[in-house]
Amino acid sequence: MLRRLAIQSKIFSKHQATKMVQNLTLTSTKKLPSGHEIPLLGFGVYQVQRAEATDICKQAIHAGYRHIDSASAYTNQGECAAGIPASKVPRDEVYFTTKIPMRANPLSYENAHKLVDKALEDTKLGYLDLVLIHSPYGGPENRKGAWKALVECVEAGKVRSIGVSNYGVHHLQELEEYIKELEQERGAGKGGVISVGQWELHPWLTRSDIVSWCEKRDIALQAYCPLVRGERLDDPKLVALSSKYGKTPAQILLRWSLQKGFVPLVKTVTPSRLTENADLYDFELSEEDMKDLTTEDYSPCAWDPTVEPLEK
């Protein structure tokens, strides 16, 4: 099967690549509202064991990835960050993300500051490219306190960009209003800016309301579980597209995510798949195929805090 796909891929690339718009590459980035650039393909490290985190991140960087997505809750952010100096690639060429959990003691203004300082201590990177509030759990005051702390971390030069993860539209609207309040309190431009939002996003969970909200504000949309944890790789439409384009089902899903304008975060601990998951730039899904693969389903394969009420 893999051999046939490889042969088909070569044939497709030879005869069709010149007909496709080749705008995206492994080095493509998006400019964030903060002014910084984020690479469009990220390497996720959820559930990567600490003992193997440094080596797999080093290998990912050697394979061309320039974006590592970790979190305080993953308990591997230090080991993952160590993959950067181990790779010999300059620090400023690798984008490093971490997240602060809303259920930390619980998270508050003070704890958010402590968690950022702990991340800096663990990673030894000097600064963090992106820090996200991992979920909206904790209630309005804790969410607001955490955001204010992150704003201050940006001002202190500890963090370059900030954002949220797993927020519903109602949580996003609450934050937008709070940013306005902070600006009235602290001065124009002092409320912080939402640069990135991270959600489970794939053809069976498109979150059109959240996506629309973010796109109107030019907020980058990171897609975790873009491969649906492998649960949909035998989907008939996906299998048909795999045959049509001479690519694996995983590559089709990642290309779909890129063409939707998302920043997919792909995870693997298998070195051979590092290259496969990054081999997305010699083909392009047609507009018709993009639409046909997209569903109106609501089928999360992970948790979904977006539905939680504001008070929780």
Side-chain angles (χ1 to χ4, degrees), residues 32-34 36 38-39 42-48 50 53 57 65 67-84 94-125 127-139 142-154 158-168 171-172 175 192-201 210 214 219-226 262-267 300 302-306 308:
L32 300 174
S34 65
H36 295 285
I38 187 170
F43 182 65
V45 295
Y46 174 60
Q47 293 187 331
V48 172
R50 295 169 67 179
C57 285
Y65 294 83
H67 178 177
I68 296 172
D69 179 84
S70 186
S72 296
Y74 301 168
T75 69
N76 63 12
Q77 59 186 355
E79 289 79 6
C80 290
I84 300 174
V94 182
Y95 196 94
F96 191 89
T97 298
T98 193
K99 312 175 194 76
I100 54 174
M102 284 304 298
R103 285 173 168 163
N105 301 321
L107 185 61
S108 62
Y109 169 84
E110 292 80 10
N111 281 338
H113 269 295
K114 290 177 182 177
L115 285 163
V116 169
D117 288 342
K118 182 66 164 59
L120 288 167
E121 178 185 346
D122 288 347
T123 62
K124 300 177 175 60
L125 292 177
Y127 65 90
L128 301 166
D129 292 283
L130 176 65
V131 177
L132 304 176
I133 298 175
H134 207 152
S135 76
Y137 293 123
N142 282 331
R143 283 192 294 271
K144 293 175 183 179
W147 181 260
K148 184 177 181 180
L150 292 188
V151 171
E152 292 175 354
C153 287
V154 171
K158 298 177 180 180
V159 178
R160 292 193 166 178
S161 302
I162 55 179
V164 298
S165 180
N166 298 300
Y167 273 40
H171 302 117
L172 292 167
L175 177 54
V193 59
I194 310 169
S195 286
V196 176
Q198 186 178 120
W199 290 272
E200 179 184 342
L201 290 166
I210 292 172
C214 290
I219 296 169
L221 288 145
Q222 289 185 324
Y224 70 79
C225 294
F262 302 155
V263 179
L265 304 171
V266 62
K267 174 222 169 180
W303 65 334
D304 191 14
T306 67
E308 298 296 341

Query - side-chain hydrogen bond (donor to acceptor under 3.5 Å, both in side chains) partners of His113, counting only residues at least two apart - result: Glu152
Report task. Indicate yes or no: at least one non-hydrogen side-chain atom of Cys57 is less than 4.5 angstrom from one of Val45. Result -> yes
Report task. Calculate, to the nearest 0.5 Å, the distance between atoms CZ and CG belonging to Phe96 and Asp129 respectively. Result -> 9.0 Å
Query raised in the report: Hey, are the side chains of His67 and Thr97 touching, using non-hydrogen atoms and a 4.5 Å cut-off?
Result: yes
Requested in this report: List the atom of Ala119, the atom of Thr98, and the distance in Å for their closest heavy-atom pair.
Outcome: CB-CG2, 4.0 Å
Query raised in the report: Considering only heavy atoms from C-beta outward, does the side chain of Leu130 approach that of Gln198 to under 4.5 Å?
Result: no
Query raised in the report: Got a second to check how far Glu200's CD is from Gln222's CD, nearest 0.5 Å?
Result: 14.5 Å
Query raised in the report: Hey, are the side chains of Val116 and Leu128 touching, using non-hydrogen atoms and a 4.5 Å cut-off?
Result: yes
Report task. Give, for atom OH of Tyr167 and atom CH2 of Trp199, the distance between the pair rounded to the nearest 0.5 Å. Result -> 10.0 Å
Query raised in the report: Between Lys267 and Val48, is a side-chain contact (heavy atoms from CB on, under 4.5 Å) present by the stated rule, with each step listed?
Result: CA-CA 9 Å; Lys267 174 222 169 180; Val48 172; 4.0 Å; yes
Query raised in the report: Do the non-hydrogen side-chain atoms of Arg160 and Leu32 ever get within less than 4.5 Å of each other?
Result: no
Query raised in the report: Can you tell me how far OG1 of Thr306 sits from CD1 of Ile210, rounded to the nearest 0.5 angstrom?
Result: 5.0 Å
Query raised in the report: Can you check whether Ile194 reaches Trp147 side chain to side chain, under 4.5 Å on heavy atoms?
Result: yes
Report summary line: Heavy atoms of Leu132 and Ser165 approach each other most closely as CD1-CB, 4.4 Å
Query raised in the report: Of all heavy-atom pairs between Gln77 and Thr123, which one has the smallest distance, and what is that distance?
Result: O-CG2, 3.7 Å
Requested in this report: Apply salt bridge (Lys or Arg N to Asp or Glu O under 4.0 Å) to Lys118 and list each qualifying residue two or more places apart in sequence or on a separate chain.
Outcome: Asp122
Query raised in the report: Between Glu79 and Ala53, is there a donor-acceptor pair closer than 3.5 Å when you use the side chain of the first and the backbone of the second?
Result: no
Report task. Output all residues satisfying salt bridge (Lys or Arg N to Asp or Glu O under 4.0 Å) with Lys148, sequence neighbours left out; order by chain, then residue number. Result -> Glu185
Query raised in the report: Listed by chain and number, what are the salt bridge (Lys or Arg N to Asp or Glu O under 4.0 Å) partners of Glu308, not counting sequence neighbours?
Result: Lys312
Requested in this report: Return the set of residues passing side-chain hydrogen bond (donor to acceptor under 3.5 Å, both in side chains) with Tyr74 (not counting sequence neighbours), or none when no residue passes.
Outcome: Lys99
Report summary line: Sequence neighbours excluded, the answer for side-chain hydrogen bond (donor to acceptor under 3.5 Å, both in side chains) partners of Lys158 is Asp117
Requested in this report: Hey, could you give me the OH/SG distance between Tyr127 and Cys153, rounded to the nearest 0.5 Å?
Outcome: 16.0 Å
Query - Pro33 versus Val193, closest heavy-atom pair with distance - result: CB-CG2, 3.5 Å
**Report entry** Whether Ser161 side chain and Ser34 backbone form a donor-acceptor pair below 3.5 Å
**Finding:** no
Requested in this report: Search all heavy atoms of Leu115 against all heavy atoms of Pro101 and return the closest pair with its distance.
Outcome: CD1-CD, 3.9 Å
Query raised in the report: Are Tyr46 and Leu265 close enough that some pair of their side-chain heavy atoms sits under 4.5 Å apart?
Result: no
**Report entry** Shortest non-hydrogen contact from Ile133 toward Ala146
**Finding:** CD1-CB, 3.9 Å
**Report entry** His134 backbone acceptor or donor facing Asn166 side chain under 3.5 Å
**Finding:** yes
Query raised in the report: So do His171 and Val164 actually touch side chain to side chain, heavy atoms under 4.5 Å?
Result: no
